Structure formats: structure tokens, C-alpha cells
Amino acid sequence: LSEKLVDSVDGRAARGSDAIAVSLAKPDHKQFDVESAVVFPTEHIRRIVVAARAGKTVLEVPAYDGSETGEKLYNTLTVVGQPIAPGGRRVEDAAAGKPALENMRRWPVTISYFDRSKQGGEQTPVYAIKFELYENGVSRALLLDYNDFAISGELTAIEVRETKPCK
């Protein structure tokens, strides 16, 4: 297994009223706009939580995460499973025994990422991620499936801090 850095992307993305302006410094200097309907990963998770709370099981949104060369856009299909009630399906990772999490619902979630540049016809996802998502956005039991191989991730540590609502 090589520990050599393969891709390095550096840049900024700012949401405007009509579009998202992306300015890349690495791997190449480049500027472009992305349609305003595109979401960043944090907003994507927020929308999944909102949909799950409302009992929705499918969510489709275009997403930008700055991966690869920083120019990739994905169409995503999120499938939300039946909620896992507090105390249901015991956890044995770092989430176990955390008061902030043990009384919270969570959902099994699968997000499939499709190459947005390949339009039309049936597509196979470029990759998919599966995880359990708590109502507060914390996730656990991660599985990244790249079709040829998969990587699993385990929550090994979590520090839940007290927060105040934004004004």
C-alpha cells in the first residue's frame, strides 16, 4: 500500500445569489461557476436529516465536494431507510454510551454519486457511501463502495460539545 499523495486540490467556493463561484489554486489556476442548485457536503447532510425527519425515503440533489481535480460535479441519489429508534440496534463503537446520541433517532442512509458529465441512459454510480446518520448530523458505520473495492470506517472517538443556537 502506497502512502503517496495522489490528488491535491486547493481552492474556494462561494455561494452567490445566482451561482456558486469556484476559484481553484491547485492543481491548476481555474475559475468557473456552478449552478446555485448544487449543494456542498454539509448542506447535503442537513437536507438528508430534514428529509428523514419528514419520513421521506428518497432525495436527489446535485453535489459539489471539490474532489479529484476540483471540477467534478455529481448527481446524487440518497435512499433513507426506516428510522432506528433510540435504544434500537445496539452500537458498539465510540457512539456507545454517549448521552448526546443515545436518545436520538438515526437512519441507515445510502448515497450514490453519479458522474454529472455523463448524461442520458442508465448509469452505474461512480461510488456509493452507506452509513447510519443521527438527527444531529453525526454519522457512524461508514462503508465507501467504489464498485471494484470497498472501504469501511468505524467511529473510534467522538467529543460532543455543548453548543448555542445561531442567531
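Nothing here was measured: the structure is a model prediction, and the numbers come from that model.
- Closest non-hydrogen pair, A21 versus D33, comes out as CA-OD1, 3.5 Å.
- Taking a 4.5 Å side-chain heavy-atom cut-off between Ile, Leu, Val, Met, Phe, Trp and Tyr, the cluster of I151 extends to V39, I45, I48, V49, L59, V61, Y74, V80, W107, V109, I111, Y113, V126, Y127, I129, F131, L133, L142, L144, Y146, F149.
- By the salt bridge (Lys or Arg N to Asp or Glu O under 4.0 Å) test, E162 pairs with no residue at all, sequence neighbours left out.
- N147 contributes a side-chain N or O that, together with a main-chain N or O of P125, makes up a donor-acceptor pair within less than 3.5 Å.
- Under the side chain to side chain donor-acceptor pair (under 3.5 Å) criterion, S117 pairs with D115, not counting sequence neighbours.
- Applying the side-chain hydrogen bond (donor to acceptor under 3.5 Å, both in side chains) definition to pairs two or more places apart or across chains, those involving residues 134-143 are R53-E135, D93-R140, R105-E135, E132-R140.
- Remark: K30 engages E71 in a salt bridge (Lys or Arg N to Asp or Glu O under 4.0 Å) (not counting sequence neighbours).
- The side chain to side chain contact (heavy atoms under 4.5 Å, CB included) search around V34 returns I20, V22, F32, V38, L73, not counting sequence neighbours.
- Through direct or indirect side-chain contacts shorter than 4.5 Å among Ile, Leu, Val, Met, Phe, Trp and Tyr, L143 is connected to no other residue.
- Side-chain heavy atoms closer than 4.5 Å link hydrophobic residues (I, L, V, M, F, W, Y) into clusters, and following such links, possibly through other members, connects F114 to V58.
- Inter-residue side-chain proximity for K98 and V138 is flagged as unmet; no heavy-atom pair is nearer than 4.5 Å.
- Residues passing the side chain to side chain donor-acceptor pair (under 3.5 Å) test with D10, sequence neighbours excluded: none.
- Q82 and P108 get closest at one heavy-atom pair: O-CD, 3.2 Å.
- Taking the side chain to side chain donor-acceptor pair (under 3.5 Å) definition, one finds that K56 meets it with nothing, sequence neighbours left out.
- The line from NZ of K130 to OG1 of T110 is 5.0 Å long, rounded to the nearest 0.5 Å.
- Atom CD of E102 has more than 12 heavy atoms from other residues, nucleotides or ligands within 6.0 Å.
- In this structure R15 satisfies the salt bridge (Lys or Arg N to Asp or Glu O under 4.0 Å) test with no other residue, sequence neighbours excluded.
- Screening H44, R116, E60 for a side chain to side chain contact (heavy atoms under 4.5 Å, CB included) involving T76 leaves a single residue, H44.
- For R161, the side chain to side chain donor-acceptor pair (under 3.5 Å) partners are E159, not counting sequence neighbours.
- For E154, the salt bridge (Lys or Arg N to Asp or Glu O under 4.0 Å) test picks out no residue, with sequence neighbours left out.
- Taking all atoms of both residues into account, the shortest heavy-atom contact from A37 to P62 is O-CG, 3.7 Å.
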Check the pair R106, V91 against side chain to side chain contact (heavy atoms under 4.5 Å, CB included), reporting the backbone distance first and the verdict last. CA-CA 11 Å; R106 64 187 197 274; V91 299; 3.4 Å; yes

